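Read through the structure below, which is laid out as structure tokens, and then see the notes.
Per chain, numbering begins at 1; letters A, B, ... match sequence-line order. Basis for what follows: all heavy atoms, side chains included, without hydrogens, waters or symmetry-related copies. Quick caveat, the model's predicted, so the values are computed rather than measured.
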Amino acid sequence: MVIPDYYEFGSRTHIMAGYDALEQIPGLLSSMDAQNPMVITDQGVSRAGLVDILLQALDSRITIKTIQDDVPADSDLITVHTLAGQYRKYGCNAIIALGGGSVMDTAKGVNILVSASSDNLLAFSGANALTHALNPLVAVPTTAGTGSEVTRVAVISDPDNLRKLLFTSGFLMPDAAVLDPRMTLTLPAPVTAATAMDALSHAVEACLCLGRNPLSTAHAHEAIALISQHLLPVILQPDHKPGRLALATGAALAGMAFSNSMVGMVHTLGHSVGSVCHAPHGTCMAVLLPYGMAYNLHKTQPLLADLLLPMAGADVYARTPPADRAQKAIDWVNRMNQRLHQVTAGAHAVCLREMKSQDGKSLVPGHLLPKIAHTALGDGSIFYNPEDLDYDDCLMVLEAAFNGAPLDLSRVKKG
Amino acid sequence: MTALNHFLCRTKTAFGTHALDHLPFDLSGMNARKPFVITDQAARDAGVHMVLARACRDTYLAPGLATLTDAGDFETLYHLFVDKGYDSIIALGTGQVVQTAKALNLALCLGPERLRSPADPGQIKGPLLPLVYIPTHPESGQDTAGETSFSGHCFVSAHLMPDIAVITADTMLGTPLAAVLDSGLSSLAACCEVFAFSGNPFARSYAYAGVCLVMDTLLPLAQQSDHGDLLCQKAGKHRRLPLAKLTHAAAVSGYIQSNFPNLKTRQAGAHITALHPAPSATLSSGLCMALALVHLLENSKDTCPWLGKLLLPLTDAAHYAGVPGPGQPDAAVRVIRELLQALYETLPQGMPETFDEAGLTPRQISEISNLLTYAHP
Amino acid sequence: MTDFMEISPGRHHRKRLYLSCMLWFFGRAVQAAARVDDGVKSEFAAMPDNFTFCLGAFPSGPYMVVGKDSLGRVRHLGSSIADRTIHLHMMFKNPALLFRVFSFQESTPVANARNRLYVHGDVPQACAVVRIMDMVQVFLLPKFLAKRAVKRYPAWPLKRRTLVRAQVYVRAFAGL
Ligand SMILES: [Fe+2]
């Protein structure tokens with residue numbers, strides 16, 4: 001085991017994963033003396049009937065003071081301030097965040113304001129701006145992907161100033177993450193595929209990027225094994241509870257891994273495609289993941305080779321000659337994308353050109369690639385990537401990913 | 001996976017060179033400006049507190065340093081802390097130092113009278129004051145677990161886990177080989193048991209790292225020692241780094257024991273130690289746990305679904321994948337046996353390799369054997 | 001009886017002096033590179049006017065402050081952050097960690113990967129500042145050191161490696 005000279009690993013969220021995990025919430029909240037939670041969620045979640053399932057699982061120990069289901073797709077300052085007002089108005093003392101990444105980020109933002117009795121979220125951005133534990137926050141993810149239920153960050157947009165605010169603190173980790181397969185049973189296949197590939201990209205990047213360490217790698221390998229074994233079966237049989245639970249668990253493990261190791265260029269480029277083109281994060285990750293692995297191949301060969309074991313299993317690993325294992329891991333991700341493309345009847349894109357919005361319009365027009373490459377240079381994750389990237393490098397990778405062409409490794413500058 | 005997997009580790013692990021240099025920043029992130037350092041005479045004599053002091057140079061921190069001399073001075077600590085207005089605790093040391101630090105934290109947050117009667121886990125509501133743990137040698141995992149015992153009472157709560165465990169070669173002290181073996185084997189047993197018998201992926205991830213750390217360091221350390229003499233007291237970094245890694249493994253086993261309070265190997269270890277009124281250096285609780293582990297694995301070779309996978313952290317990916325599935329459980333047990341055998345050879349006074357050799361009667365062995373079985377779903 | 005004492009960690013005067021000198025020269029070199037090198041110039045051009053950033057150590061320095069004035073000129077503003085609005089802080093968590101980087105024991109990318117740095121301010125601007133510092137390091141350091149200080153040693157054209165580098169050095173010493 002290779003141990004870096006120095007590393008940190010911490011994940012203080014209490015994990016509850018199981019078929020009746022929701023039923024644990026009353027006990028969790030009482031142990032924190034917080035019986036009056038506010039539920040924060042969004043319209044999609046509430047329409048899918050997940051709020052009802054949650055309410056049924058709670059018991060008389062808990063009095064839900066209010067259910068707020070207006071969180072937009074991109075968490076923003078106004079929503080955070082409004083919800084903080086509601087929290088105070090109803091006299092809540094805890095938050096149950098039920099949803100995906102945006103709901104989690106919003107809930108974290110609200111929790112900052114109500115815990116510090118403040119009306120100015122801006123005062124809490126930046127390192128060590130939070131120095132006290134926040135009020136109880138229970139995260140119930142309804143997708144198996146972002147890992148926000150265990151991460152220490154919240155991204156909240158400030159539409160007035162056209163910027164995204166980044167909040168980072170150990171105190172932003174939710175007190176508990178409740179992973180219950182009932183929350184993801186009805187997720188449509190393309191969303192299941194995209195979010196799981198997001199989680200897979202978290203795990204893979206956690207193993208490759210410069211912040212990697214033995215504990216994050218152990219979590220990431222476990223995540224990769226769970227996602228690899230269960231993703232295709234779950235797409236084929238969406239109501240398979242053990243598979244759903246395995247994917248939710250994999251996503252949380254991947255979240256714990258990358259929250260401590262950070263991520264690399266797959267996210268650098270993926271965030272930028274997302275912010276320039278408003279393309280869904282998970283799909284961007286799925287398309288870009290094999291490119292990020294290939295680009296870093298010369299710097300991370302043994303690490304990539306190690307990934308083949310949790311991805312493809314012991315037999316394939318043993319059969320593959322050691323020198324070919326890294327490339328085989330990249331091929332495995334490519335093939336996974338192609339299989340997902342097949343089983344979702346083409347809804348899962350395998351290149352940027354193919355990404356379509358719901359009304360069938362192309363999401364990532366080719367002429368925006370230079371703008372995306374430029375945006376990528378301003379994403380913090382770029383510094384954790386094993387190999388350096390300048391504008392030309394970003395553009396080269398984006399062009400290959402746009403057309404679904406293999407990356408020309410001879411054009412990767414090796415310094 | 002089983003019906004409900006839960007896992008909680010409140011501690012952030014900070015491992016490696018110059019780890020203490022991060023401490024002023026991390027403390028300020030917990031609003032702690034006046035840390036109260038508790039240490040023991042051995043650490044004080046070796047000047048470990050100076051390493052901490054150096055890390056605080058050019059920062060605002062001015063820690064107070066209390067050196068434990070005997071167990072009866074808890075009141076003094078309590079009053080020093082309160083009177084001088086400290087706001088956080090640093091346990092610089094292992095064992096007694098950490099138990100005292102945790103008890104002090106309870107006394108400060110819940111009132112000193114709370115320590116006079118046992119408490120339910122649920123009664124200790126957090127968060128307590130920031131607690132930083134800086135070990136000076138490998139231990140049995142109790143330090144990072146969410147428990148402490150004070151004047152005969154045991155207190156259990158995840159809030160007792162340290163906020164940060166700073167594990168660095170810079171604070172490692174000379175340690176008798178027997179203590180190193182005790183720690184390494186008890187970490188190995190705890191981590192292997194969880195990895196082989198629990199389907200909880202969160203615990204398995206920590207356990208995986210714990211097993212790797214022990215396998216990387218324990219045997220080389222034992223082979224380097226001069227016939228059981230103190231390790232690294234005068235030697236340089238090359239011994240302190242593996243000691244730090246072994247301490248890291250012990251911390252990880254503490255996180256695991258916090259979540260799995262009823263580990264079979266630990267119960268059997270306690271049982272055997274109780275049978276021997278004066279545990280000798282050759283039969284430490286760590287060794288008992290390791291012997292119990294071998295026994296436990298042998299007992300469940302055919303029923304435990306994850307036992308074969310244990311070969312992966314015990315060796316490496318190439319080795320693991322090279323052994324066909326049905327042969328993996330046997331191979332895993334063999335690796336542990338071989339490790340014990342190799343450790344045995346490094347010790348001049350020897351080391352029992354079975355319960356029989358450890359001097360247990362057949363009746364006692366069958367008692368322990370009954371403890372060492374798992375019911376499987 | 002418990003033995004008790006208060007530790008006063010004090011200051012490390014020699015290391016602080018060394019760091020102050022290095023930061024001072026580095027700041028002047030940033031200012032010089034911003035005048036003569038196109039790469040550094042274009043990174044600064046994308047920043048707003050009246051923008052000030054600092055590189056330093058938690059909790060109280062030393063610091064290097066560089067800013068763009070209202071006319072868009074890049075200037076090294078010394079070592080004090082008092083009475084100034086700093087828009088971007090790039091901070092090492094301990095002066096000892098800053099010292100490790102400025103004594104070439106650890107590169108900035110490695111220190112960053114080891115979580116020894118934190119940034120307070122806008123992330124895209126922080127990225128630009130890191131790229132500027134990388135370029136200035138390549139100008140100032142001999143290749144064997146610069147190779148360790150940056151992630152990928154750049155393949156610069158001959159003129160930039162020689163002529164522009166000489167200009168950066170002369171101007172940094174002269175304070176131009
Ligand atoms: Fe992601």
### Task
Decide yes or no for A/Tyr6 and B/His22: does some side-chain heavy atom of the first lie under 4.5 Å from some side-chain heavy atom of the second?
yes
#### Entry: Proximity breakdown for B/Ile164 and chain A, heavy-atom pairs closer than 4.5 Å
neither
### Query
Considering only heavy atoms, which portion of A/Thr217 lies under 4.5 Å from any heavy atom of chain B: side chain, backbone, both, or neither?
neither
### Message
Under a 4.5 Å cutoff for heavy-atom pairs, which residue among B/Pro127, B/Ala209, B/Cys9 has the most contacts with chain A?
### Response
B/Cys9
### Query
Considering residues, nucleotides and ligands other than B/His6, do more than 12 of their heavy atoms fall under 6.0 Å from its NE2?
no
### Task
Can you tell which part of A/Leu309 gets under 4.5 Å to a heavy atom of chain B, answering side chain, backbone, both or neither?
side chain
### Query
Most heavy-atom pairs under 4.5 angstrom with chain A, which of B/Ala317, B/Gly16, B/Gly29?
B/Gly29
### Heavy-atom side-chain contact between A/Thr131 and B/Ser28 under 4.5 Å
no
### Summary
Per-residue tally against chain A (heavy atom, under 4.5 Å) across B/Tyr320, B/Tyr206, B/Tyr255 peaks at B/Tyr206
### Query
Is there a ring pair (Phe, Tyr, Trp, His ring centres under 6.0 Å) between B/Tyr208 and A/His219 once you walk through the steps?
CA-CA 9 Å; B/Tyr208 180 96; A/His219 283 78; over 10 Å; no
### Side chain / backbone / both / neither for A/Thr13 at chain B, heavy atoms under 4.5 Å
backbone
### Message
Using heavy-atom distances under 4.5 Å, tell me whether B/Phe25 contacts chain A through its side chain, its backbone, both, or neither.
### Response
both
### Task
Mind listing the closest non-hydrogen atom pair of A/Ala17 and B/Phe202 along with its distance?
CB-CE1, 4.3 Å
### Message
Does any part of the side chain of B/Leu213, heavy atoms only, come nearer than 4.5 Å to the side chain of A/Pro214, both counted from C-beta?
### Response
no
### Message
Nearest 0.5 angstrom please: B/Asn5 CG to A/Leu179 CG, how far?
### Response
9.5 Å
### Query
Between CZ of A/Phe171 and CG of B/Asn31, what distance do you get to the nearest 0.5 Å?
8.5 Å
### Message
Taking every non-hydrogen pair under 4.5 Å, which of A/Asp180, A/Asp306, A/Asn213, A/Leu253 racks up the most with chain B?
### Response
A/Leu253
### Message
Working to the nearest 0.5 angstrom, can you tell me the gap between A/His14 NE2 and B/Asn259 CG?
### Response
7.0 Å
### Query
Rounded to the nearest 0.5 Å, what separation is found between the NE2 atom of B/His159 and the OG atom of A/Ser31?
7.0 Å
### Task
Indicate yes or no: at least one non-hydrogen side-chain atom of B/Lys12 is less than 4.5 angstrom from one of A/Arg12.
no
#### Entry: Proximity breakdown for A/Leu130 and chain B, heavy-atom pairs closer than 4.5 Å
backbone
### Message
Between A/Ala21 and chain B, with a heavy-atom cut-off of 4.5 Å, which part of the residue counts as in contact: side chain, backbone, both or neither?
### Response
both
### Query
Side chain, backbone, both or neither: which part of B/Asp316 has a non-hydrogen atom closer than 4.5 Å to chain A?
neither
## Note on the structure
The interface call for A/Met256 against chain B, heavy-atom contacts under 4.5 Å, is side chain
### Task
Evaluate the ring planes of B/His248 and A/Tyr7, with Trp represented by its six-membered ring, and classify them as parallel (under 30°), tilted (30 to 60°) or perpendicular (over 60°).
tilted
## Note on the structure
So, the part of B/Thr13 with a heavy atom under 4.5 Å from chain A: the answer is both
### Message
Tell me the closest heavy-atom pair linking B/Ala321 and A/Ala314, and the distance in Å.
### Response
CB-O, 3.7 Å
#### Entry: Smallest separation among heavy atoms of B/Ser205 and A/Ala218, with atom names
O-CB, 3.3 Å
